[in-house]
Amino acid sequence: ERLAFFAQDEWTISNTVEGYAGVRWEGLRTATDGADLARVATSSSVASPILQLLWKLPEKNQLRLALARTYKAPLTSNLVPRRYTINNNNGPANPDAEGNPALRPELSWGLDVAWERPLGKDGSATLSAYARRVSDVMTQQLYRDGASWVARPINNGAADVAGIEVDLKSPVNIKALAFELRFNTGCNWSRVRKVPGPDNTLAEQVPFTANGGIDYRGADGWEAGANLNVRGAATSQAGDGVTDHLGRTALLDLYWTRKFDAQWRARVSVANALHRGRQASTTYRDSDGTVVTRALSWDGMASIRVGLERTL
């Protein structure tokens, strides 16, 4: 059960400064029970203030500053204590999965700063950075129950998270050829305080991302474009001998459209044109040796789609 209230207001402080302030209260109550499960109930609540300021600088530049407290509730599947058994070679690098009904939400204080600048008529450039302090961060705990290895989510103290991002968008005109170029890149860092380094990072955090795209609009009603997304490799360890690694990925999407009239057009698109899989591995080390599980995922297979679209 979830209940939330919020109040907000915006105001103009001066000709160059605008402000926004708000507060949100949210309460969460969960209960888990079943035919073979003892009932477990937990409740939590948090008040989240938000403050944002916008400075309008010369030459249409803008500077944004935001301070906020955020609230991340656990997934329902992470609260159910029923065990999901791994029948394929259970081990410390391939454990059973179990929820934790006592799991508490993550709370964080965050500061965001962004500088924005227009580029020409329709282009823009943005440089932004953020910093977060997370409490009750959720990580995985590995333990042994008889002959089986089991992993479950737990609250594991505080974590520090930070990142920086650059975003560019600019139209280009060369000898009557109209292009639009897009580029975005970001770097992220994190540190779980209770886990000794190195690689004491959040498991779901990607350290580096980059996106590049180009769109072309022809004068006779056809358009074409491409977008390339690259995600860097990520390594994290939870402090109990387990290290997870996700390999680098590259995803290329292509499209072509031809407009016949105001309502009809044809579209051809190719998703994951590079047909790249994703490599992942889990390593467990203790005094008795090392166990490694490796996997190659091909769920993002290349695909082509041809369609005829009509605007209603």
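Being a predicted model, the structure only gives us computed values, none of them experimental. The first residue of the sequence shown is numbered 1, and numbering continues consecutively from there.
Legend: residues meeting side-chain hydrogen bond (donor to acceptor under 3.5 Å, both in side chains) with Arg231, ordered by chain and number and at least two apart, are absent. Residues forming a salt bridge (Lys or Arg N to Asp or Glu O under 4.0 Å) with Asp244 (at least two apart in sequence, or on another chain): none. In this view, Arg69 satisfies the salt bridge (Lys or Arg N to Asp or Glu O under 4.0 Å) rule with no residue, not counting sequence neighbours. Every residue two or more places apart in sequence or in another chain that forms a side-chain hydrogen bond (donor to acceptor under 3.5 Å, both in side chains) with Lys56 is listed here: Glu18. Here Glu106 pairs with nothing under the side-chain hydrogen bond (donor to acceptor under 3.5 Å, both in side chains) rule; sequence neighbours left out. Evaluation of the side-chain hydrogen bond (donor to acceptor under 3.5 Å, both in side chains) rule for Asn61 yields Arg117 as partners, not counting sequence neighbours.
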Under 3.5 Å, sequence neighbours excluded: what are the donor-acceptor pairs made by side chains of residues 161-172?
from, atom 1, to, atom 2, distance (Å)
Glu165, OE2, Asn184, ND2, 2.6
Asp167, OD2, Asn184, ND2, 3.0

Determine all donor-acceptor pairs shorter than 3.5 Å in which one atom belongs to a side chain in residues 137-147; sequence neighbours excluded.
from, atom 1, to, atom 2, distance (Å)
Thr139, OG1, Asn156, ND2, 3.4
Gln141, OE1, Arg152, NE, 3.1
Tyr143, OH, Glu98, OE1, 2.8
Arg144, NE, Gly146, O, 3.4
Asp145, OD2, Arg83, NH1, 3.1
Asp145, OD2, Arg83, NH2, 2.9

Please tabulate, one pair per line, all N/O donor-acceptor pairs under 3.5 Å involving side-chain atoms of residues 38-45, not counting sequence neighbours.
from, atom 1, to, atom 2, distance (Å)
Arg39, NH1, Asp33, OD2, 2.9
Thr42, OG1, Thr30, OG1, 2.8
Ser44, OG, Tyr71, OH, 3.3

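Residue Asp136 comes nearest to Pro105 through the heavy atom pair CB-O, 3.6 Å, listed as atom of the first residue, atom of the second, then distance. When all heavy atoms of Ala234 and Gln205 are compared, the pair lying nearest together is CB-O, 3.8 Å. The shortest heavy-atom contact between Asn100 and Pro153 is ND2-O, 3.0 Å.
Listed by first and then second residue, the ring pair (Phe, Tyr, Trp, His ring centres under 6.0 Å) pairs involving residues 15-34 amount to none (not counting sequence neighbours). Among pairs with a residue in residues 250-260, those fulfilling side chain to side chain donor-acceptor pair (under 3.5 Å) read Asp215-Tyr255, at least two apart in sequence or across chains. The ring pair (Phe, Tyr, Trp, His ring centres under 6.0 Å) contacts involving residues 96-138 comprise nothing, where partners must be two or more places apart or lie in separate chains.
Under the 3.5 Å distance criterion, with hydrogens and angles disregarded, a donor-acceptor pair is assigned to the side chains of Ser108 and Thr70.
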